[in-house]
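One structure is given here, and the rest of the page talks about it.
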Number of protein chains: 2
Amino acid sequence: MSITIEDISKQLQISVSTVSKALNGYKDVSPKTRDLVVTTAKELGYQPNMAARNLRRGRTDKIGLLINNSIQYVSEYLGEVISGLALTAEEQGSNILLYTAVTEKSDILAICRNREVDGLIVIWSDVTDGTIDLIHSEGIPFVVYGRRVESDEISYVAPDNYNGALVVTQHLIELGHEKIAFTTRPELGTTNEDRFAGYTDALIDAGIPIRPEYIIETKIESGSGYKAMQELLRLPDRPTALFAIHDLLAVGAMRCAQEQGLNIPVDIAIAGFDGLLPSMTTKSEITTVKQPLQDMAQKSMEMLLSRIDQGSTEAKQITYPTELIIRAST
Amino acid sequence: MSITIEDISKQLQISVSTVSKALNGYKDVSPKTRDLVVTTAKELGYQPNMAARNLRRGRTDKIGLLINNSIQYVSEYLGEVISGLALTAEEQGSNILLYTAVTEKSDILAICRNREVDGLIVIWSDVTDGTIDLIHSEGIPFVVYGRRVESDEISYVAPDNYNGALVVTQHLIELGHEKIAFTTRPELGTTNEDRFAGYTDALIDAGIPIRPEYIIETKIESGSGYKAMQELLRLPDRPTALFAIHDLLAVGAMRCAQEQGLNIPVDIAIAGFDGLLPSMTTKSEITTVKQPLQDMAQKSMEMLLSRIDQGSTEAKQITYPTELIIRAST
DNA sequence: TTCACGACCGAAAACGATTTCGGTAAAATA
DNA sequence: TATTTTACCGAAATCGTTTTCGGTCGTGAA
């Protein structure tokens, strides 16, 4: 059995209340007994039982990280985000509890109600399934990470998808491209909308007409980037550039183009979005728009924690600027 | 306030004991009242308070994931490992609690003693700091992930570093190389030893002498792969191949060689280890030895959970085969 | 009819902390 | 000296479960 507060109280012939108070910095305990308690606690190697403390305090100092498993390229994304979240949480005395295999709505209800966490960071790409509204209706503090949410009652931290898409498209235009294709991904919801809007606005601003045949809708499945490029290359009037809505699609498209013997970026320029794939070599790097994943992680965690501490309920919505990274592919 | 077991007991005019027993599948409650309890619990949206349950049961159904933050390329490694761990944990009704910013030994003691988790998965690259022994002496169930440990009292799941290094070196030899360099990383401890042993044994088996000037010791810092290659290229008798102890070093070395105008793999072949960098394009891929991160994660979690359930204390040590992935760099 | 035995239920004791509330003694004030 | 304040401490309630231990009631067997 571990050492409890009672062990200390017995050894010192002092009540448990006093021991607890001494350990927790209450004022109504003399310096002498406080020292005594603290030193013997250290001696015995006492560590408070968290379950008991949580029960009594009605707080767990834990933040749940809710991730839907249908997220694409979880691995690349996750590592950076998680380490950012965990670090700032732990700085403020909280830990992160992972919920990755949540599929049922009842599980989400359980998480919200069982008081296992003080709040949630939600990374959820599915838009249509009402999960976020469900969480919101439960009243647990939470912040949505990485995605804009329509409702203004909900806090989120998201990259500036519109501007990022605008800038990268302008970059392609500046390179002389006018036939610029774009791959969409409707499941991404607001993210898709914003990046698409950035793309079209850049074209419109430059007086370039938008050609529907250059806009390819992709699905969540591997090889969809490859297929999209195949489709584009079949066109009688091929595009000279592609802006893929995210890097994995760009990579697939690149592979397809290379296999067709095309020279990148001479025959076709390719840009992506997200910027999480590490650049492996100096060659073959892909132009992209980089999200500040770490900063966003830190910010969202700070927002959540301060909201929990202050019990405030007002929603904050923050957008982070993105960074255009120009590499060999354009 | 949330719904408690007492709310149900009041509404049904039944004792809390019976409610609890009905909910937990005890036999000494009639089917009728059981149904009644279960349905009204669902009606009221009852979810058990975890802190209370944990306190009473002396168990939390949580697994701590202890990661030392000095791990190199955490992000790439982490994502895949964590999702593997979390998935198998959640399948068995446990969740993962993250400890990433642990630096003090006292923090580790706190984790072991505060009963916040039932066990630990330890990902700790530092060998010399005695952390693992400390955890072991605390008696909490734990499994070391990704690394062989000397002591046979400690459970671990590790890749077969020796064989992986042996095979990749043999691969280089088969390609006709005899001047094969190797970059070491002493901080990696047993991992370093095993890969080094694989390298030397492959050379010895082939009757190739081991040349000390081809063995470069690298430190934990970015650019060390680049520097190692610089050093090698300064040699009067340059090596024709390099086996880097991990991929990041290989990437750095590759970049250096390319900048020097060398053709890979004609002028110099390069192989790495780990296989976690995603292959971005068909070109510029790097030969490597892939660790089965996901399988190892699943296995280590299963080992830990069964050990917790059965209270067994015997240590299991499992080594996973690696896979040689031959790509363009050799 | 009596006794034993299940089936079913409730009271109450944990689990280990926090926190309120009151009480005693010493110190300060009148 | 009498009274109030202050400093310090302890008893006990509380958080929401789980689990042990009896107790009651009805049914079957003797």
Side-chain angles (χ1 to χ4, degrees), chain A residues 1-38 40-42 44-62 93 109-118, chain B residues 1-38 40-41 44-62 93 110-118:
Chain A
M1 236 17 230
S2 353
I3 313 276
T4 75
I5 215 175
E6 201 184 343
D7 297 326
I8 302 178
S9 106
K10 274 182 189 161
Q11 169 151 343
L12 257 51
Q13 302 284 34
I14 280 182
S15 78
V16 290
S17 346
T18 308
V19 174
S20 171
K21 283 188 280 194
L23 256 23
N24 290 354
Y26 278 62
K27 296 163 305 185
D28 62 342
V29 45
S30 73
K32 195 171 54 181
T33 56
R34 175 191 315 286
D35 285 352
L36 209 59
V37 169
V38 170
T40 61
K42 203 167 291 177
L44 298 178
Y46 166 79
Q47 289 294 338
N49 180 308
M50 283 307 169
R53 160 174 286 182
N54 293 340
L55 174 57
R56 179 62 232 228
R57 297 199 317 167
R59 185 170 167 164
T60 63
D61 291 329
K62 282 189 246 313
L109 279 185
I111 291 170
C112 294
R113 293 182 179 170
N114 66 15
R115 304 276 153 194
E116 201 164 42
V117 294
D118 300 333
Chain B
M1 238 13 233
S2 354
I3 311 278
T4 76
I5 216 175
E6 201 183 344
D7 297 326
I8 303 178
S9 105
K10 274 183 190 161
Q11 170 151 344
L12 258 49
Q13 303 283 34
I14 280 182
S15 77
V16 291
S17 346
T18 307
V19 174
S20 171
K21 283 188 280 193
L23 256 22
N24 290 354
Y26 277 61
K27 296 163 305 183
D28 62 343
V29 43
S30 73
K32 194 169 56 181
T33 56
R34 176 192 313 287
D35 285 352
L36 210 59
V37 169
V38 169
T40 62
L44 298 177
Y46 166 79
Q47 288 294 339
N49 180 308
M50 283 308 169
R53 160 175 287 181
N54 293 341
L55 174 58
R56 178 62 232 231
R57 298 199 315 168
R59 182 168 170 168
T60 64
D61 291 329
K62 281 190 248 309
I111 291 170
C112 294
R113 292 182 180 171
N114 66 15
R115 304 276 153 194
E116 202 164 41
V117 294
D118 299 333

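Excluded from the calculations below are hydrogen atoms, water molecules and symmetry mates; all remaining heavy atoms, backbone and side chain alike, are included. Keep in mind that this is a model prediction, so the values were computed, not measured. Chain A is the first sequence line, chain B the second, and so forth, proteins listed ahead of strands; every chain is numbered from 1.
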query = For B:L55 and C:dA13, what is the distance between atoms CG and C1' respectively, to the nearest whole Å?
reply = 13 Å
message = Between D:dA11 and A:S17, counting only base atoms on the nucleotide and side-chain atoms on the residue, is there a donor-acceptor pair under 3.5 Å?
response = yes
ask   = Is the distance from OP1 or OP2 of C:dA7 to the nearest side-chain N or O of B:Y26 less than 4.0 Å?
value = no
message = Using a 4.0 Å heavy-atom cut-off, does A:D28 contact any base of the nucleic acid, only the sugar-phosphate backbone, or nothing at all?
response = base
message = If the cut-off is 4.0 Å, is B:R53 near the phosphate of D:dT18, judged by side-chain N/O to OP1 or OP2?
response = yes
query = Whole-Å distance between C:dA11 P and B:I14 CD1?
reply = 12 Å
remark   = Rounded to whole Å, CD of B:E6 lies from C1' of D:dA13 at a distance of 14 Å
remark   = Per atom distances to the B:P31 side chain, the nearest of D:dC15, C:dC8, C:dC9 is C:dC8
query = Is the count of non-hydrogen atoms from other residues, nucleotides or ligands lying under 6.0 Å from A:R115 atom CZ greater than 12?
reply = no
query = Starting at CD1 of A:I5 and ending at C1' of C:dC15, how long is that distance when rounded to a whole Å?
reply = 14 Å
Selected nucleotide, minimal atom distance to A:S20 side chain, candidates D:dT19, C:dA11, C:dT18 = C:dT18
message = Using whole Å, what does the distance between atom P of nucleotide D:dC9 and atom CG of A:L23 come to?
response = 14 Å
remark   = Whole-Å distance, B:K32 NZ to D:dC25 P, equals 16 Å
query = Which nucleotide, D:dC9, C:dG16, D:dT17, lies nearest any side-chain atom of B:P48?
reply = D:dT17
remark   = The nucleotide from D:dT17, D:dG10, C:dA17 with an atom nearest the side chain of A:T18 is D:dG10
task = Ignoring the backbone of A:K21, work out which of C:dA17, C:dC21, D:dC8 is nearest its side chain.
result = C:dC21
request  = Provide, to the nearest angstrom, the distance between the CG atom belonging to B:N24 and the P atom belonging to D:dT20.
outcome  = 12 Å
ask   = In whole angstroms, how far is the P atom of D:dT17 from the CZ atom of A:R115?
value = 12 Å
